[in-house]
Amino acid sequence: MIRAAAPAGAALATVKRGICVVPLVVLTAGCGGEAPPAEVPTPAVTASSSAAPTAADGSDYAACADGTCEVRVRGPVDIPLTGQGGLHRISVDSVTADGIGFATDSGATGTLTPGCVLTLYENGSGSSCSSGAPQQPKPVDGVLALQIADLRDGTAILRLVSGKVGPPPASLRPPLPPLPGS
């Protein structure tokens, strides 16, 4: 029996809450004139049967101080920063199958979900989500980007990307209040 993965266009994708689920499609072909082989049960493929995800910086949260790192997170942890995005700390509160719960030293809280990129900057934030694997964020001065690079078995790989510390680009700055008499 020959098994091959389905062509790229044959897979079906279901998107739910920023998580892309792609069912495995297997094509089966037999050779004529041979007795079919005995059926051997194949184990189901699940996220829990895969190897634990690895991170470039392991669990070295101090590597994030410059705003650029990739760390493994399994539970509550404080990640120190040096002003990227106007922040000095991100606290991961929880890691669930849905994403990472977090809080910042500025008082912001939220949940980062797979497939999304969260950008934090002084006086603001933004996010973008993709039904497929999002591209790794590019460094932008004054902006801290967070992304889940992998999430399996209660372990997340959290990616932080930042440019230089300072104000965000003018397009992200809040408008100045009008001057009196203007």
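Remember, it's a predicted structure, so these values are computed and weren't measured experimentally. Numbers here are sequence positions counted from 1.
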According to a hydrophobic-cluster definition based on side-chain heavy atoms being under 4.5 Å apart (Ile, Leu, Val, Met, Phe, Trp, Tyr only), do L151 and V77 belong together?
yes

Rounding to 0.5 Å, atoms CG (L81) and CG (D66) come to a distance of 9.0 Å

With sequence neighbours left out, the residues meeting side-chain hydrogen bond (donor to acceptor under 3.5 Å, both in side chains) with T96 are none

Taken in chain and number order and not counting sequence neighbours, the residues that satisfy side-chain hydrogen bond (donor to acceptor under 3.5 Å, both in side chains) with S59 are R72

Between L87 and the options L120, T82, I79, the side chain to side chain contact (heavy atoms under 4.5 Å, CB included) test singles out L120

Please output the side-chain donor-acceptor pairs of residues 139-149 that fall under 3.5 Å, not counting sequence neighbours, one pair per line with the distance.
residue: D141; atom: OD1; partner: K164; partner atom: N; Å: 2.8
residue: Q147; atom: OE1; partner: R159; partner atom: NH1; Å: 2.7
residue: Q147; atom: NE2; partner: Q135; partner atom: O; Å: 3.3

The remaining residues in the hydrophobic cluster of V161, counting side-chain heavy-atom contacts under 4.5 Å among Ile, Leu, Val, Met, Phe, Trp and Tyr, are none

Note to self: Using a 3.5 Å distance criterion without hydrogens, assess whether the side chain of D153 forms a donor-acceptor pair with backbone atoms of T155.
What the structure shows: no

Disulfide (SG to SG under 2.5 Å) pairs touching residues 63-106, sequence neighbours excluded, are C64-C69

Sorted by chain and number, sequence neighbours left out, side-chain hydrogen bond (donor to acceptor under 3.5 Å, both in side chains) with S91 holds for D78, R89

Smallest heavy-atom separation, D93 atom then P76 atom, equals O-CG, 3.4 Å

All heavy atoms of S127 vs all of T119, minimum pair found to be N-OG1, 4.5 Å

**Report entry** Common cluster, L112/I157, ILVMFWY with side-chain heavy-atom separation under 4.5 Å
**Finding:** no

Distance col, row D150:CG vs T54:OG1, nearest 0.5 angstrom, shows 8.0 Å

Sequence neighbours excluded, the answer for salt bridge (Lys or Arg N to Asp or Glu O under 4.0 Å) partners of D57 is none

Check your understanding: Is it the case that one hydrophobic cluster holds both Y121 and L118, taking links as side-chain heavy atoms less than 4.5 Å apart, direct or via other members?
Key -> no

Are any side-chain N or O atoms of E70 and backbone N or O atoms of A56, one a donor and one an acceptor, separated by less than 3.5 Å? yes

Looking only at heavy atoms, the pair that brings S162 and Q84 closest together is OG-CG, 3.1 Å

Mind listing the side-chain donor-acceptor pairs of residues 99-109 below 3.5 Å, one per line with the distance, residues two or more places apart or on another chain?
residue: T104; atom: OG1; partner: S106; partner atom: N; Å: 3.3
residue: T104; atom: OG1; partner: S106; partner atom: OG; Å: 2.8
residue: T104; atom: OG1; partner: A108; partner atom: N; Å: 3.2
residue: D105; atom: OD1; partner: H88; partner atom: N; Å: 3.4
residue: D105; atom: OD2; partner: H88; partner atom: N; Å: 2.9

